Amino acid sequence: MDHMEGPGLEALARYHEHGALPFTPPGHKQGRGADPEVAKVVGEEVFGADLLAFGGLDDRLGSGRVLERAEELMADAVRAEHTFFSTCGSSLSVKAAMLAVAGPHETLLVGRDAHKSVVSGLIMSGVRPVWVEPEWDGARHIAHRPSAASFERAFVIDLTELAVSGYRAADWLREHHDINAHLADHRRISTQLTHADDPSTTGPLLTALRDLVGHADDLRPAPEVPVPAPGELRMEQSCLPRDAYFGSVEDLPLARATGRVAAEMVTPYPPGIPAVLPGEVLRQPVLDYLRTGVKAGMNLPDAADPGLDTIRVLVEGTGAD
């Protein structure tokens, strides 16, 4: 296969060369109907690239095989039998992949460090998760992804103090240097470097980080956020996520929630890995972690009460049998 081909890009170029007129979505019609203020910010070219795959890049039958050839090239590049392109970010693809391999009450092995989109997929599908634990690094206080051996064991079983808070550091970098960190928690920040970066972007990043070190005293002390040990972090799944999410619920003060069954997803974001799943029996160490995390700057966008004065739980005696 010729990996210098770009079927989608080549089709887009042909579309513009021919001066094709769209009487199809999207309604901005190649930017002619775009708000001028929006076009001023994002550029006019972005609207020119916004086309339907069928009845745009290709004819209504896909006879030019634009999408098909692009997916074949991708499959060849990553040594896969098939690839499927998706839009709307990776969260939609996650749900589609889950629904393709398992249905209601069927079993799926899932890493417990999975993104919240996976939990949304569980709620939508009614799939029964078998959780596979990440590899805990006690020295560095981070969780590595689950090992292949962990997945294999789960499959067999189923068949039978940083000185400165990462939140404060990330906020300081944005406020003082217009630098946006990829991830931040109470201990660390993460910045994502890709092939698109060069000295023109890494230079300002290094300058900002050096300046951050120089102002570290202004950001201390770091709030204490007790992270549960791995054994305390995992909670019993007493019912399906779907059953808990759609069951009879009440919002309970956090101080009274230990031992109750969660009816919502509580996700520190970023990175988007839920600390609490619908159907789990709440334990005090996890609640303490979330409570102190919120005080330190943790963002919990999924929670019914983002300030976590209350947490949504199943009404006792319902939904957990």
Side-chain angles (χ1 to χ4, degrees), residues 80-134 143 145-146 148 150-160 233-252 257-283 286-287 290 300-306 308 310-321:
E81 291 185 5
H82 305 282
T83 59
F84 301 92
F85 291 163
S86 178
T87 56
C88 301
S90 60
S91 294
L92 180 63
S93 305
V94 166
K95 297 181 181 71
M98 294 173 65
L99 291 168
V101 298
H105 301 282
E106 293 182 334
T107 297
L108 185 65
L109 300 185
V110 183
R112 187 51 184 82
D113 57 349
H115 188 265
K116 65 176 186 174
S117 61
V118 174
V119 181
S120 297
L122 293 174
I123 292 169
M124 289 173 56
S125 65
V127 166
R128 182 173 71 86
V130 174
W131 300 111
V132 184
E133 297 297 324
R145 64 183 183 178
S150 296
F151 275 103
E152 185 175 359
R153 285 194 299 271
F155 183 74
V156 172
I157 290 170
D158 187 57
L159 292 176
T160 66
L233 195 60
R234 297 297 166 248
M235 299 181 288
E236 176 193 354
Q237 187 87 39
S238 70
C239 64
L240 288 177
R242 178 187 177 90
D243 293 344
Y245 191 85
F246 291 114
S248 299
V249 302
E250 60 181 332
D251 293 337
L252 199 67
T258 299
R260 298 293 295 272
V261 177
E264 65 175 339
M265 182 163 43
V266 183
T267 309
Y269 203 92
I273 298 170
V276 173
L277 303 178
E280 287 187 333
V281 180
L282 295 168
R283 300 179 64 177
V286 173
L287 296 177
L290 292 170
L300 302 176
D302 297 322
D305 176 9
L308 216 64
T310 63
I311 189 167
R312 187 155 292 174
V313 299
L314 276 176
V315 173
E316 287 187 312
T318 66
D321 53 12

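If you're wondering where the values come from, they're calculated on a predicted model, not measured in any experiment. Hydrogens, waters and symmetry mates are skipped; everything else that's a heavy atom, side chains included, is used.
Within the 4.5 Å cutoff, the side chain of Arg234 has no heavy atoms near those of the Trp131 side chain. Ser150 has its side chain out of reach of Glu133: every pair of non-hydrogen atoms, C-beta onward, lies at least 4.5 Å apart. Considering only heavy atoms from C-beta on, Met98 comes within 4.5 Å of Leu108 through its side chain. In this structure the side chain of Ser120 never reaches within 4.5 angstrom of the side chain of Ser91, judged on heavy atoms.
With sequence neighbours excluded, the residues satisfying side chain to side chain donor-acceptor pair (under 3.5 Å) with Arg260 are Glu250.
With hydrogens and angles disregarded, a donor-acceptor distance shorter than 3.5 Å links the side chain of Gln237 to the backbone of Cys239. Counting only distance, with no hydrogens or angles, the side chain of Ser125 and the backbone of Gly103 share no donor-acceptor pair below 3.5 Å.
For the atom pair CG of Leu282 and CG of Leu287, the computed distance is 5.0 Å after rounding to the nearest 0.5 Å. One finds the NZ atom of Lys95 at 10.5 Å from the CG atom of Leu122 (value rounded to the nearest 0.5 Å).
Nearest heavy-atom pair, Gly126 versus Leu240, reported as atom, atom and distance to 0.1 Å: O-CD1, 4.0 Å. Nearest heavy-atom pair, Pro146 versus Phe151, reported as atom, atom and distance to 0.1 Å: CB-CE1, 3.6 Å. Heavy-atom minimum distance, Met235 versus Ala275: CE-O, 3.6 Å. Shortest non-hydrogen contact noted between Leu314 and Ala244 is CD2-O, 3.7 Å. The nearest pair of heavy atoms linking Asp305 to Thr310 is OD2-N, 2.9 Å. Taking every heavy atom of both residues into account, Ile311 and Ala257 meet most closely at CG2-CB, 3.6 Å.
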Could you pull out every donor-acceptor pair under 3.5 Å between side chains of residues 261-271 and any protein atom, sequence neighbours left out?
from: Glu264; atom 1: OE1; to: Ala304; atom 2: N; distance (Å): 2.7
from: Glu264; atom 1: OE2; to: Arg312; atom 2: N; distance (Å): 2.9
from: Thr267; atom 1: OG1; to: Asp302; atom 2: OD2; distance (Å): 2.7

